[in-house]
Amino acid sequence: MKDATVATTSPALPRPRRARRLDWRGTSSVVGFFLAWQLAVTFSLPGFTDIPTPWEVLVTFVRDFLFSANYWSSWLVSFQRVFLGFFLAQIIGIPLGLFFGTHATFRALVLPVFEMMRPIPPLAWVPLSILFWPTTEASIVFITFIGAFFIITINVFEGVRSIRPEHVWLARSLGAGTLRIFRRIMIPAVVPSIAVGMTLGIAVTWNVVIAAEMIASDSGLGRLTWEGYVSSTPTIVIVGMISIGLAGYLSTMIVDWIESRMMPWKQ
Amino acid sequence: MEAVAATVSETPGAISGHNLSKTYRQKGQEPQVALADLSFDFPAATLNVVMGTSGCGKSTLAKMLAGYAKPDEGNLTCDGKRITGPGPDRLMVFQETTLWPWMTVQENVVFGPLSRGGSRSEADAAAAELLRRFGLSDFRDHFPGQLSGGMMRRAEIAQALINSPSVMILDEPFRGLDVMTRELMQEYYVRLFEETRLSTVFITAELEEALFLADRIYIMSDAPGRIVKILDVDLPRPREISCLATRRYAELEQEALDALYAGREDLD
Amino acid sequence: MTTTASHPPEDLGPRPQTGGLGIANVSKVYDPEGRAVVALDDFSLDVEAGDFVAIVGPSGCGKSTLLNILAGFDTPTSGEVLLDGVPLAGPDLAPRPGPDRVVVFQQGALFPWMTVLGNVTYGLLKQGGVSRREAEARAITLLAESGKLDRIADAYPAQLSSGMQRRVEIIRALINDPRVLLLDEPFRAMDTVNKSTMHRHLLELYSRNRKTIVFITHDLEEALFLADRVIVMTTRPGTLKMDIAVNLPRPRKREMMASDAYLALREKAVFAVSEEAKRAFERGEREMA
Amino acid sequence: MPTDAAIPVRTTSLLPNRRTWLAALGFAGFILAWYAAVHWSPFAAFNRLPDPFEVVVEWTSSDPYYGISIFTADYYTHIFYSTYRALAAFGLAVLLGVPLGIFMGWKPGVRAYAGSLLSLLRPVPPLAWVPIAILVFPGVEPAVIFVTFLVAFFATTMNTLVGVRAIPQDYYRAAACLGASNRDVLFDVVIPGAMPSIFTGLQIAMGAAWFSLVAGEMIAAQYGLGFLIWESYSLIQYPTIVIGMATLGLVGYLSSAAVRLVGRRLMAWHEQRLGMAG
């Protein structure tokens with residue numbers, strides 16, 4: 001059952017031990033990247049003819065976006081869609097995963113259908129979602145929900161299955177009832193898997209919201225980037241991409257913070 | 001824990017097994033016979049050590065005593081009462097630490113009494129006393145992940161003792177520890193036993209550990225496990241490291257090795 | 001500190017010409033974040049070619065550091081190691097592991113993705129000068145000689161018991177005809193019966209194909225039963241605490257462990273080792289608190 | 001020693017045939033619920049959806065109403081385009097990602113340079129690259145493949161890197177003891193040792209490839225299952241949407257299964273280990 005969940009971002013990159021020296025080499029490669037971009041544009045290599053230089057992007061960003069309410073409202077719209085869909089997925093997915101783990105009959109009945117739907121890429125739901133939901137807003141939130149729902153459910157289900165039997169036996173020997181075992185032993189034991197499911201889920205949700213906004217919305221960071229393309233102003237496209245990158249990074253940090261609150265014993 | 005060393009008859013925790021047998025049937029694999037027609041008596045207030053190679057069914061026996069596994073045939077009694085399931089009178093320390101990582105040491109220790117409706121203040125007091133005795137007072141609010149192997153084992157023993165079990169079952173408890181901690185934990189448990197005479201069933205695969213701890217060693221044959229020798233270890237108590245260098249120790253060692261090696265000379 | 005030259009009775013094979021180890025005043029200092037930790041402090045030991053030496057001590061007594069220096073994984077901060085008179089390790093010598101002193105590792109290091117035959121022939125093929133057919137033939141004979149292990153030549157390590165994996169790993173080392181065999185607590189996680197079976201096999205290999213053996217262990221019984229000489233180390237900093245000559249006849253038998261000679265040796269060593277163990281434990285607990 | 005005591009509170013392993021019965025019941029229930037929702041429920045939203053039988057009939061009819069069924073050439077053209085793009089992107093990701101992952105894991109120098117660059121680009125959700133890709137690459141095909149490649153590339157590189165760094169140091173030392181040169185260590189220790197992780201990465205990469213391919217096809221392509229799904233929506237051919245989705249799920253699952261199969265074949269030794277301990 002332990003097959004691959006859709007994880008575009010895999011385990012965190014191991015931090016280099018000798019931070020100081022490596023940073024120098026690390027930064028040099030980042031600087032090299034921007035330099036290469038700059039050169040590609042100035043010598044207008046094939047494909048880079050109408051791409052702006054990093055400097056132009058920066059200037060445009062400060063001039064047109066940094067202080068424009070419209071820009072920051074696209075941040076807000078995208079964040080709302082991501083976190084609404086994401087939390088709905090946790091609220092429904094975690095109990096479902098727990099049920100799969102603890103009720104053999106329920107699992108035998110429902111898991112096969114669940115597994116049949118799981119390989120369908122979330123964005124393939126876009127048309128049906130638009131058809132089904134009254135507003136585009138709801139349809140996009142449904143897509144972000146799908147993005148995170150399958151991942152969290154499977155991770156919680158795996159979490160329940162990998163609970164060490166001894167942890168439950170010992171509690172029963174000490175006289176704990178079924179409810180107390182569920183609350184004080186099984187739920188905390190599953191929390192690390194919930195954390196993994198959330199980390200993978202948030203990354204997927206951002207990917208999904210960007211594409212959904214490009215396809216079917218008139219607002220949000222995805223839309224902003226797409227409009228940059230449609231109006232053939234690549235600078236806006238790059239500003240959009242960098243904003244999406246920052247938003248994705250910020251959400252991962254938020255999820256990491258939530259996880260550290262959930263697992264005080266993990267420090 | 002100032003229980004005076006009671007005489008054998010008064011102390012609870014006498015275990016006896018009659019014609020126990022157990023076979024594991026796993027889908028797709030042939031059945032594994034763990035125990036076949038095993039009978040024994042573990043007297044109370046005694047450090048009974050069950051010894052055998054890996055796979056001889058000794059862990060299965062331990063789980064049956066704790067009520068985590070049921071025999072296919074035969075029955076198992078503790079102080080005459082049939083063992084039907086887990087209970088606070090028979091508590092087990094597993095090979096791998098089983099402290100709940102998400103609870104502090106204190107919460108781990110008081111979990112038992114609180115689960116059975118005991119008062120919080122009484123449990124906290126008993127826990128404080130035990131943790132002091134086991135040198136863990138300043139780790140009270142630490143999580144198990146922050147403790148060393150030896151400390152986790154001591155916390156687990158405290159977690160069990162607070163429920164005043166009749167029998168302590170230890171399934172190769174010091175196996176995962178580094179050598180140094182293992183020897184000191186062996187000494188630790190021997191002192192604890194000599195002070196409380198708590199009936200103990202100690203499972204191990206190491207002869208030196210068995211000889212150093214045991215009042216009596218039950219040597220089991222390979223699967224299906226049967227008791228092929230009972231060795232009364234008459235080394236003086238309190239047991240000291242020095243007993244390892246005595247002649248009597250060497251004689252007992254030879255006797256045990258002969259039983260362990262019976263019919264195994266042409267091994268692989 | 002008593003040092004008596006050890007002269008085990010000569011019923012073993014003849015002493016090999018090579019494998020004489022000279023460890024002179026070796027020290028090793030690590031300084032994690034500036035806190036200088038002396039792992040080995042002025043450690044000296046001379047091992048005659050063909051001797052079986054056991055090094056016993058609690059964790060933190062520098063026995064692994066010593067092994068890493070002998071094997072060429074690490075360099076000493078000061079002092080020197082000579083192999084048959086030729087400098088092997090020194091502060092300014094680049095460490096270079098090689099088939100003349102092969103290590104059998106504590107956690108086991110058979111390549112899981114190679115069959116038993118693949119593992120055993122690996123050394124010969126890498127050093128070159130031997131055709132694959134020739135290497136395999138030698139491997140099969142050596143495997144057959146040590147408990148008919150040729151039957152499992154095509155098995156993968158994961159299919160073998162830990163005892164069998166250990167024996168294959170020793171054969172993988174010995175087939176290269178090393179001058180020194182370095183064993184790093186190889187039988188650590190084994191129970192009594194498997195461990196004594198492994199002892200029998202190791203001693204058989206040693207008597208048939210005598211090599212200098214440096215055997216690192218925490219288990220005093222094992223050291224006394226296997227070795228000609230037992231070196232007891234102090235816990236950090238690691239120095240030589242006691243050098244015990246084990247004059248028991250060979251081949252070693254289980255019954256010898258009840259003999260007066262053995263009991264006398266045990267008497268001497270038991271306190272030395274447990275003393276160091278207690279000191280190391282207190283230091284460990286202090287560091288943890 | 002497995003035990004028979006119930007492990008988590010109330011799971012008992014059911015007999016195999018009882019499980020298949022329940023699975024069949026589950027599917028039947030799902031189909032029925034779907035049909036009921038479309039036809040008998042009061043919600044207009046549900047009534048707009050195609051019902052299961054409509055979909056199956058269309059999917060399997062020799063003369064499908066909207067022109068897409070298992071008997072029509074177009075159906076297989078779309079599948080071909082999607083599969084070709086996914087495999088091209090996946091192949092590129094393997095060719096570039098695995099070697100980079102291996103050298104990043106094995107040589108700290110490579111890790112220092114490449115590591116920071118990767119962590120700079122990684123937070124940007126790959127689908128955000130679609131507009132740029134279309135601008136930079138000549139034509140739609142390379143743009144869609146590039147975005148799909150990007151997703152698979154990160155997954156492959158990261159898992160390969162983790163695999164190499166998880167190889168116990170003793171294997172390197174054992175090889176050195178036995179006279180292996182640096183090159184030998186690469187082929188005899190690093191690559192085989194990292195294989196299990198590499199294949200985990202490849203499975204994730206294949207799943208990720210299909211995941212992002214759909215978006216690329218919906219936004220910019222003329223052929224492919226993603227395009228088919230979006231176009232059927234615009235042309236109000238609703239059953240074909242579901243056919244497209246189901247086919248995507250099926251082909252995606254089969255390609256991941258293929259990667260698993262190749263992995264199992266290549267790593268017979270790993271299989272034994274799982275078999276023994278499984």
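These numbers were taken from a predicted model, which means no experiment stands behind them. Both backbone and side-chain heavy atoms feed into the values below; hydrogens, waters and symmetry mates do not. All chains are named by letter (A, B, ...) in the order of the sequence lines, taking the proteins before the strands, and each is independently numbered beginning at 1.
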Checking heavy atoms, do the side chain of P192(D), its backbone, both or neither come under 4.5 Å from chain C?
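For P192(D), backbone and side chain are both near chain C.
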For atom [atom1] of [X], decide whether the heavy atoms of other residues, nucleotides or ligands shown that lie under 6.0 angstrom number more than 12.
X: Q169(D); atom1: CD; value: no
X: Y84(D); atom1: OH; value: no
X: F137(D); atom1: CZ; value: yes

With a 4.5 Å heavy-atom cut-off, do [X] and [Y] have their side chains touching?
X: R173(D); Y: F105(C); value: yes
X: W113(C); Y: I191(D); value: no
X: F111(C); Y: D188(D); value: no

Quick check for you: to the nearest 0.5 Å, what is the distance between Q106(C) atom CD and D170(D) atom CG?
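Going from CD on Q106(C) over to CG on D170(D), the span is 8.5 Å.
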Please report the interatomic distance CZ(F73(C)) to SG(C177(D)), rounded to the nearest 0.5 Å.
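Rounded to the nearest 0.5 Å, the CZ-SG separation comes to 3.5 Å.
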Provide the closest heavy-atom pair for W269(D) versus A158(C) in the form atom of the first, atom of the second, distance.
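W269(D) and A158(C) have their closest heavy atoms at O-CB, 4.5 Å.
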Atom of Y171(D), atom of A109(C) and distance for their closest heavy-atom approach:
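That would be CE2-CA, 3.6 Å.
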Per-residue contact mode, L110(C) against chain D (heavy atom under 4.5 angstrom):
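Only the backbone of L110(C) comes within 4.5 Å of chain D.
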Residue part contacting chain D, namely of R172(C), when any heavy atom lies under 4.5 Å:
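For R172(C), the contact with chain D is made by backbone and side chain together.
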Option that, when pairs with chain D are counted at under 4.5 Å, heavy atom only, ranks first among G72(C), A155(C), G123(C):
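Sorted descending by pairs with chain D, the first entry is G123(C).
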